[in-house]
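A short worksheet on the structure shown next.
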Amino acid sequence: MMVFLYLPILMIVLYSFNNTRLSGSWEGFTFDWYLSLLDNRHVKEALINSLSIALVSTAVSTVLGTLAALSLRTLSRRSRGGLNGLLYLPVIIPDIIMGLSLLVLFSQLQLELSKLTVMIAHITFSLSYVYVVVSARLANMGRQLEEAAMDLGASGWQTFRHVTLPQIAPGMIAGALIAFTLSLDDFMVSFFVAGPSSTTLPIYIYGQVKRGISPEINALCTLLILVSVILILLAQYMLNRGKGQKKQKALPF
Amino acid sequence: MNRNKLLLTPVLLWMALFLIVPMLIVIGISLLQRNALGQLQFSFSIEGYKTFFDPLYIGIYWDTIVLSVLTTVICLLISYPMAYYIANASPRVQTWGLLLVTVPFWINFLIRTYAWVLLLRTQGVVNTLLLETGLIAEPLQMLYTPGAVLLGMVYNFIPFMVLPIYVALEQMDKRLLDAASDLGASRWKAFRYVTLPQSRSGMMTGCVLVYVSTSGMFVVSDILGGAKSSMLSNIIQAQFQGARNWPFGAALSVIFVLTSLVMILLFNRAMQARHLNVKEGRS
């Protein structure tokens with residue numbers, strides 16, 4: 001079973017070092033595809049787009065998601081239920097629907113498709129994931145420490161700054177890492193809301209794959225696989241940090 | 001309390017503006033017309049919905065549903081034993097097993113789909129191997145077939161199925177199995193009447209996730225199915241980005257979401273019914 005899961009991925013990695021343009025057979029080891037990747041202007045442009053979009057949308061969605069988690073826990077059970085549902089929506093809605101509905105919105109607002117529109121789209125789905133992770137962390141920690149701080153005379157801001165924030169920080173970092181990975185990896189939504197000036201790496205890869213295979217793509221995919229896996233393992237590590245913390249999963253199930 | 005409500009405002013505004021409003025606009029557009037230039041015309045029309053009932057589109061939608069259901073069922077059949085094995089393994093194996101299932105989940109599906117192009121194309125790995133071992137004389141056409149699309153879908157969504165089933169099996173009270181065997185149940189009977197019903201919620205979550213993701217995915221059929229195969233999502237995408245027939249695209253989207261909801265309810269009911277049968281069988 002694991003062979004089935006990993007063989008295709010292994011193939012990409014292997015082929016990224018294969019010294020041939022077309023054949024399926026192994027023609028010797030080479031780094032050429034990685035080197036030519038470095039010279040590829042389009043790849044560089046897409047990389048810069050992807051990174052800047054991911055950085056901005058991660059920052060905004062981490063702040064918004066954390067705000068939502070913090071303010072929602074003080075609400076009554078009923079209003080919390082409804083808002084919870086609203087915040088889970090982007091996780092449930094099919095990507096294609098989210099992408100096209102945002103495309104429609106932007107065109108009605110006469111907003112030109114650009115990096116900005118991609119960022120807005122990425123923030124919208126990332127903030128849900130941040131919300132899920134941070135509110136799980138909040139639910140785990142209880143309110144005793146905050147109440148104790150208030151009893152000892154700390155102001156609301158002091159309590160937040162010295163008690164709440166340090167406790168939810170690992171959750172926020174994990175949420176941010178997930179948001180970053182999601183943004184870097186997203187294709188379906190970006191495909192609808194990206195303009196010609198905001199081609200991201202997945203969109204570039206899609207174009208290349210449709211046009212036929214160039215071995216450079218194997219190298220690019222290998223690098224992206226590496227980055228995604230490292231970021232997610234890091235997020236998982238942040239979530240499980242600290243003894244006595246209940247083990248959590250980075251996935252929204 | 002008041003300040004907390006204030007804190008909530010930016011998030012609520014954001015979600016309203018970029019989630020709820022866009023979807024409402026799509027529903028609105030599905031009821032509009034377009035003029036000869038392809039621009040929206042603000043007059044009421046159900047032309048978009050009418051076009052859907054063309055046998056061509058109905059056929060494509062039927063194929064999409066069949067493919068999605070097939071993908072879901074195959075995923076379930078493959079994933080259950082996997083999840084079962086991981087959930088009943090030693091803690092060390094569990095951690096590793098879960099990690100190994102989750103990692104592909106985080107690799108871009110575009111890349112995972114493209115990997116199958118490397119394997120399936122005429123000069124691909126599978127054909128090269130078969131040719132060199134002399135099993136076949138001519139390369140097989142595997143890419144751009146419906147089978148390739150099904151394979152790509154199943155491959156992409158296995159983690160969506162394994163994880164929820166694992167969670168359900170992990171949380172189940174294992175003492176029930178001891179009780180069952182004390183009362184003389186065979187291993188199969190214990191599985192059938194104790195384990196299976198308890199993992200129902202996990203299977204349901206998995207099925208819904210796989211079904212919805214499969215039916216909304218246009219990339220896999222695009223890359224592995226070639227121009228021949230198209231799913232409803234390919235058509236929706238084309239209406240918005242190529243043909244610029246937004247009312248039709250919007251109508252298809254509304255139909256897509258509605259039928260997805262119906263399918264989810266049906267899955268739900270099917271699972272529930274099975275649960276009831278099991279309950280009756282127990283008494």
Side-chain angles (χ1 to χ4, degrees), chain A residues 1-2 4-9 11-12 15 22-25 64-65 67-68 70-72 74-75 83 86-87 89-90 92 94-98 100-105 108 120-121 123-124 127 156 181 185 187-188 191-192 202 205-206 209-210 213 217-218 221 224-225 228-229 232 251 253, chain B residues 1 3-5 7-8 10-11 14-15 18-19 21-23 25-26 29 78 82 100-112 114-119 123-125 127-128 155 158 163-164 167 205 212-213 215-216 218-219 222-223 233 236-237 240-241 246 249-250 253 256-257 260:
Chain A
M1 207 51 243
M2 289 301 174
F4 177 59
L5 277 180
Y6 281 91
L7 185 73
I9 298 166
M11 276 298 138
I12 294 186
Y15 266 72
L22 266 175
S23 138
S25 55
L64 285 177
L67 270 183
L70 279 171
S71 48
L72 235 67
T74 58
L75 295 179
L83 290 172
L86 178 69
L87 282 159
L89 260 185
I92 305 163
D95 288 347
I96 183 172
I97 299 296
M98 191 156 171
L100 66 88
S101 65
L102 280 168
L103 167 68
V104 169
L105 175 81
Q108 295 304 308
I120 290 175
I123 292 166
T124 311
L127 91 85
T181 317
D185 263 356
F187 169 74
M188 293 271 269
F191 189 55
F192 283 96
I205 293 175
Y206 176 76
V209 170
K210 287 226 59 170
I213 293 167
I217 287 305
N218 299 321
C221 289
L224 267 183
I225 292 171
S228 300
V229 170
I232 284 307
L251 296 166
F253 317 117
Chain B
M1 190 71 211
R3 212 178 40 180
N4 267 317
K5 278 199 178 135
L7 283 178
L8 203 51
V11 185
W14 188 281
M15 297 303 256
F18 297 118
L19 195 69
V21 170
M23 288 200 280
I25 299 181
V26 170
I29 288 184
I78 298 178
M82 244 173 122
L100 285 172
V101 173
T102 327
V103 166
F105 177 90
W106 288 109
I107 293 170
N108 196 315
F109 64 81
L110 197 64
I111 298 178
R112 279 182 286 159
Y114 159 66
W116 283 102
V117 177
L118 288 181
L119 285 162
Q123 304 112 333
V125 182
N127 267 323
T128 309
Y155 178 71
I158 281 182
L163 291 169
V167 171
T205 313
V212 171
S213 318
S215 54
F218 61 85
V219 181
D222 210 25
I223 294 177
S233 37
I236 295 179
Q237 182 256 324
F240 277 96
Q241 290 189 316
W246 283 17
S253 312
F256 166 61
V257 171
S260 287

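The figures here come from the full heavy-atom set of this structure, side chains too, leaving out hydrogens, waters and symmetry mates. Sequence lines set the chain letters: A, B, ... in the order given, protein chains first and strands last, and positions in each chain run from 1.
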(message) Is any side-chain heavy atom of Q108(A) closer than 4.5 Å to one of V21(B)?
(response) no
(message) In the structure I gave you, are the side-chain heavy atoms of Y155(B) and L5(A) within less than 4.5 Å of one another anywhere?
(response) yes
(request) Please look at I97(A) and chain B and tell me whether the side chain, the backbone, both or neither of the residue comes under 4.5 angstrom of a heavy atom of that chain. (result) side chain
(request) Give the minimum heavy-atom separation between L110(B) and P202(A), together with the two atoms involved. (result) CD2-O, 3.1 Å
(request) Output yes when a side-chain donor or acceptor of Q237(B) lies under 3.5 Å from a complementary backbone atom of F191(A), and no otherwise. (result) no
(request) Measure from the side-chain N and O atoms of Y6(A) to the backbone N and O of L100(B), and report whether any donor-acceptor pair falls under 3.5 Å. (result) yes
(request) Identify which part of L127(A) has an atom lying under 4.5 Å from any heavy atom of chain B, answering side chain, backbone, both or neither. (result) side chain
(message) Could you tell me if the side chain of W246(B) sits less than 4.5 Å from the side chain of L103(A), heavy atoms only?
(response) yes
(request) Report the option among I225(A), L100(A), I217(A) that has the most heavy-atom pairs separated by less than 4.5 Å from atoms of chain B. (result) L100(A)
(message) Which atoms of L87(A) are under 4.5 Å from chain B, going by heavy atoms: the side chain, the backbone, both sets, or neither?
(response) both
(message) With chain B as the partner, which of D95(A), I92(A), I123(A), L7(A) has the greatest number of non-hydrogen pairs under 4.5 Å?
(response) I123(A)
(request) Measure M2(A) against the heavy atoms of chain B and call it side chain, backbone, both or neither at under 4.5 Å. (result) side chain
(request) May I ask you to test the I96(A)-F256(B) pair for a side-chain heavy-atom distance under 4.5 Å? (result) yes
(message) Quick check: do L118(B) and N218(A) have side-chain heavy atoms less than 4.5 Å from each other?
(response) yes
(message) Please classify the contact of V209(A) with chain B as side chain, backbone, both or neither, using a heavy-atom distance under 4.5 Å.
(response) side chain
(message) Under a 4.5 Å cutoff for heavy-atom pairs, which residue among D185(A), T181(A), I205(A) has the most contacts with chain B?
(response) D185(A)
(message) Can you classify the ring geometry of F187(A) versus F218(B) as parallel (below 30°), tilted (30 to 60°) or perpendicular (above 60°)?
(response) tilted
(message) Using side chain to side chain contact (heavy atoms under 4.5 Å, CB included), reason through L83(A) and L8(B) one step at a time and then give a plain yes or no.
(response) CA-CA 10 Å; L83(A) 290 172; L8(B) 203 51; 3.5 Å; yes
(message) Could you measure the distance from the CG atom of L67(A) to the CG atom of L7(B)? Nearest 0.5 Å is fine.
(response) 5.5 Å
(request) Determine the minimum heavy-atom distance between F109(B) and M188(A), stating which atoms define it. (result) CZ-CG, 3.4 Å
(message) Counting C-beta onward and ignoring hydrogens, is there a side-chain heavy-atom pair between N108(B) and S228(A) closer than 4.5 Å?
(response) no
(request) Give, as side chain, backbone, both or neither, the part of S233(B) having an atom under 4.5 angstrom from any heavy atom of chain A. (result) both
(request) Give the C-alpha distance, both sets of side-chain angles, the deciding distance and a yes or no for side chain to side chain contact (heavy atoms under 4.5 Å, CB included) between F4(A) and I158(B). (result) CA-CA 10 Å; F4(A) 177 59; I158(B) 281 182; 3.6 Å; yes
(message) Are L72(A) and V11(B) packed together at the side-chain level, in the sense that at least one heavy-atom pair is separated by less than 4.5 angstrom?
(response) no
(request) Grab the two heavy atoms, one from M15(B) and one from P90(A), that are nearest each other, plus how far apart they are. (result) CE-CG, 3.8 Å
(message) If you count heavy-atom pairs within less than 4.5 Å of chain B, which of V229(A), L89(A), L224(A), L105(A) leads?
(response) L105(A)
(message) If you compare all heavy atoms of S101(A) against all heavy atoms of P22(B), which two are closest, and at what distance to 0.1 Å?
(response) O-CB, 3.3 Å
(message) So, using side-chain contact (heavy atoms from CB on, under 4.5 Å) as the criterion, who are the partners of T124(A) when residues are at least two apart?
(response) M98(A), I120(A), W14(B), F18(B), L19(B)
